[in-house]
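Being a predicted model, the structure only gives us computed values, none of them experimental. These numbers come from the heavy atoms of this one structure, side chains and all, not from hydrogens, waters or symmetry mates.
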Amino acid sequence: MFQSLELKHPRFYQAFRLFIVVFTSILYAWNLRCFAKTAGLFPSGFSGASLLLQNIGIKFLHISVPFAVFNIGLNLFPTYISYKYIGKRFTLYSIIVILLSSIFVDILPSYVFTDDIMLVSLFGGLINGLAISLCLNVGTSTGGTDFISIFLSHQKGIDAWNYILLGNIVMLIAAGALFGWSKALYSIIYQFCSTQVIQLLYKRYKKETLFIISDKSNEIYHAIKDLTNHDATLFTGIGCYEEKEKTLIYSVINAEAKRELIPMIRGIDEHAFINVVKTEELDGRFHDIPHD
């Protein structure tokens, strides 16, 4: 989302990035405190696990352990993995998010906006997804399963979604058994809304395939190469309607680059025929945007 800003104004982007990190840390913590925690809901990932452990301590052991203790403790090993294998700057910004959000969950005052748990689940999930998306779009994360997912996807070539889903299911089963199944079921709605917002706003790992028919294929290829660092393949064929030789450019790009690339192609050839297709699965060498 902010890739072009980073390229054009790198110094301003770093200050903007730090502002977003602090802002989303507070927003993320405020949402956990005033929506998830007050309603007894359990978000996905380590934040949900931390709330679950905190509630277990209060209800069964009669001790109140700060949220920060659980959340920071659970993130220690994934943070080490991220620092070593994903990116140092990405990890350092993520550490800021983890520390600030954990502390603010404990110190921010609670506020009950509504007693309707369905509304809390819906709007809490939407705000949670917005906060996480903002973090991801400036090259940081809220920690936990984000670290694990990126590590397994890039370093091991493993789709981590099923493992993360399984972990969330186990957490919700435990939460339902201990604190009531209605809380666990409403937590699913909270998690679903959050996931939908992230899928809408965060397009880093989404790929799209371009098919471009143009008489200026060489200029368009260089535009694709310079902007996205992705290569292309050129096909030559015959246009059936005009019975003239045509060239077709085939390239797979990151979805977020499309918004800037299409107008650039139109500027080169306003008569170019462009077909954009969502890429569901990709196997082979592909240049991913670096995290640092």
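By the 4.5 Å heavy-atom criterion applied to side chains, Thr79 and Ile98 are counted as neighbours. For the pair Thr140 and Leu92, the minimum side-chain heavy-atom distance is 4.5 Å or more. Residues Val120 and Tyr190 form no side-chain contact, since every pair of their non-hydrogen atoms from C-beta on lies 4.5 Å or further apart. Contact check for Val197 versus Ser133: side-chain heavy atoms found under the 4.5 Å cut-off. The shortest distance between side-chain heavy atoms of Ile173 and Trp181 falls below 4.5 Å. For the pair Glu245/Thr236, a side-chain contact is recorded, criterion being any heavy-atom separation below 4.5 Å from C-beta on. Within the 4.5 Å cutoff, the side chain of Ile238 has no heavy atoms near those of the Lys244 side chain. Using a 4.5 Å heavy-atom cutoff, the side chains of Phe23 and Leu134 are in contact.
The OG atom of Ser182 lies 6.0 Å from the CD1 atom of Ile117; values are rounded to the nearest 0.5 Å. Taken to the nearest 0.5 Å, the CG atom of Leu32 stands 7.5 Å off from the OG atom of Ser101. Summarising the geometry, atom OG belonging to Ser217 is positioned 9.5 Å from atom CG belonging to Leu248; distances are rounded to the nearest 0.5 Å. The structure places OG1 of Thr209 at 9.5 Å from CG of Asn275, a figure rounded to the nearest 0.5 Å. Atom OH of Tyr93 sits about 6.5 Å away from atom CD1 of Ile96, to the nearest 0.5 Å. Between the CG atom in Asn31 and the NZ atom in Lys37 there is a gap of 13.0 Å [rounded to 0.5 Å].
No path of Ile, Leu, Val, Met, Phe, Trp and Tyr side chains, each step under 4.5 Å between heavy atoms, connects Tyr221 with Phe235, placing them in separate hydrophobic clusters. If you chain together hydrophobic residues whose side chains sit under 4.5 Å apart, Ile107 and Val97 fall into the same group. One hydrophobic cluster, built from ILVMFWY side chains closer than 4.5 Å, holds both Met264 and Ile220. There is no path of hydrophobic side-chain contacts, each under 4.5 Å, that joins Phe192 to Phe123. At a threshold of 4.5 Å between side-chain heavy atoms, the hydrophobic network of Ile, Leu, Val, Met, Phe, Trp and Tyr places Ile95 and Tyr80 in one connected group.
For Phe113, the CZ atom is densely surrounded, since the number of other residues' heavy atoms within 6.0 Å is greater than 12.
At least one donor-acceptor pair closer than 3.5 Å links the side chain of Lys216 to the backbone N or O of Ile268. A donor-acceptor pair is defined here as one N or O able to donate and one able to accept, closer than 3.5 Å; such a pair exists between the side chain of Asn168 and the backbone of Gly45. Of the possible donor and acceptor atoms, none in the side chain of Ser214 sits under 3.5 Å from a partner among the backbone N and O of Thr247. Checking side-chain atoms of Thr24 against main-chain N and O of Val21 turns up a donor-acceptor pair under 3.5 Å. In this structure a side-chain-to-backbone donor-acceptor pair under 3.5 Å is present from Asp106 to Phe67. Looking only at distances, a side-chain donor or acceptor of Thr91 sits under 3.5 Å from a matching main-chain atom of Tyr83. Here the side chain of Ser82 pairs no donor or acceptor atom with the backbone of Phe147 at under 3.5 angstrom. Between the side chain of Asn75 and the backbone N or O of Asn71, at least one donor-acceptor pair lies under 3.5 Å. Judged purely by atom type and a 3.5 angstrom limit, Lys183 uses its side chain to pair as donor or acceptor with the backbone of Ala39. Not a single donor-acceptor pair under 3.5 Å links the side chain of Arg266 to the backbone N or O of Leu261.
Considering every non-hydrogen atom in both Asn137 and Leu201, the closest pair reads ND2-O, 3.2 Å. The heavy-atom pair separating Ser50 from Leu74 by the smallest distance is OG-CD1, 3.6 Å. Closest approach of Ala232 to Ile249, counting heavy atoms only: CB-CG2, 3.7 Å. In plain terms, the two heavy atoms of Arg17 and Phe90 that are nearest each other are NH2-CA, 4.4 Å. Between Lys246 and Gly239, the shortest heavy-atom contact is CG-N, 3.9 Å. Looking at every heavy atom in both residues, Thr38 comes nearest to Ser110 through CG2-CB, 3.8 Å.
Glu208 and Lys278 are not joined by a salt bridge, as no carboxylate oxygen comes within less than 4.0 angstrom of a charged side-chain nitrogen.
Among Tyr111, Tyr28, Phe42, Trp30, the one residue that satisfies the ring pair (Phe, Tyr, Trp, His ring centres under 6.0 Å) test with Phe35 is Trp30.
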Derivation of the side-chain contact (heavy atoms from CB on, under 4.5 Å) call for Ile224 and Ile212:
CA-CA 11 Å; Ile224 295 172; Ile212 306 167; 4.1 Å; yes

Please walk me through it: do Ser141 and Ser94 pass side-chain contact (heavy atoms from CB on, under 4.5 Å)?
CA-CA 5 Å; Ser141 76; Ser94 298; 3.3 Å; yes

Pair Ile253, Lys207 - check side-chain contact (heavy atoms from CB on, under 4.5 Å), show working.
CA-CA 6 Å; Ile253 63 171; Lys207 313 291 190 299; over 6 Å; no

Stepwise side-chain contact (heavy atoms from CB on, under 4.5 Å) check, Ile265 with Ile274
CA-CA 9 Å; Ile265 294 172; Ile274 306 170; 3.8 Å; yes

